[in-house]
Amino acid sequence: QLQLVESGGGLVQPGGSLRLSCAGSGFTLNYFAIGWFRQAPGKEREGVSCISNSGDSTNYADSVKGRFTISRDNAKNTVYLQMNSLKPEDTAVYYCAAAVYYYCPGYDRNQYNHWGQGTQVTVSS
């Protein structure tokens, strides 16, 4: 069974930091571009960031640019999302997803074949 498992979510104060992890289970992430998406209550799921299979190319939504950093360690079959300077509007369930491309295809959900279960991030004082 091919799975993606997110972890690292939780409650953090505004201005704080959190690091999310996305681990592959049952398949090797080396061949996939990996994207992070988030969904807040009452809102559409939106793309946050994406990284190419080797990590040589990254992309960020304007809303998180300069605050979030995506990276990957293929030896650990894991992708990370370092989230700094968190804002209340960052509150959402965060999902990672794998696309059968080496480079990021954008944030069309139909381009991503495998999805994790999500991890809750709450930014509040």
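Sorted by first and then second residue, the salt bridge (Lys or Arg N to Asp or Glu O under 4.0 Å) pairs with a member in residues 18-38 read R38-E46, R38-D90; sequence neighbours excluded. Identified under the disulfide (SG to SG under 2.5 Å) test for residues 66-125, with sequence neighbours left out: C22-C96, C50-C104.
For the 3.5 Å distance criterion, the side chains of N53 and Y101 fail to qualify, holding no donor opposite an acceptor. Inspection of the S54 and D56 side chains reveals an N or O donor paired with an N or O acceptor under 3.5 Å. Counting only N and O atoms by type, the side chains of S17 and N84 include a donor and acceptor under 3.5 Å apart.
Aromatic ring pairs are classed by plane angle as parallel below 30°, tilted from 30° to 60° and perpendicular above 60°; the pair F32 and F27 is perpendicular.
Remark: Y31 engages Y102 in a side-chain contact (heavy atoms from CB on, under 4.5 Å) (not counting sequence neighbours). The ring-ring contact (aromatic ring centres under 6.0 Å, His included) check on Y60 picks up nothing, with sequence neighbours excluded. In this structure, K43 has no salt bridge (Lys or Arg N to Asp or Glu O under 4.0 Å) partners at least two apart in sequence or on a different chain.
Between I34 and A98 the shortest heavy-atom distance is CD1-CB, 3.6 Å.
Atoms CG and NE2, on L2 and H114 in that order, are 4.5 Å from each other to the nearest 0.5 Å. Between Q13 atom CD and T122 atom OG1 the span is 13.0 Å, to the nearest 0.5 Å.
By the criterion of side-chain heavy atoms lying less than 4.5 angstrom apart, applied directly or through intervening Ile, Leu, Val, Met, Phe, Trp or Tyr residues, W36 is grouped together with V123 in one hydrophobic cluster.
The aromatic ring centres of Y112 and F37 sit less than 6.0 Å apart.
Side-chain contact between Y95 and V93: present, with at least one pair of heavy atoms (C-beta onward) separated by less than 4.5 Å.
Clustering of Ile, Leu, Val, Met, Phe, Trp and Tyr by side-chain heavy atoms under 4.5 Å joins L11 with none of the others.
Under a cutoff of 6.0 Å and an axis angle of 45°, R109 and W115 do not form a cation-pi pair.
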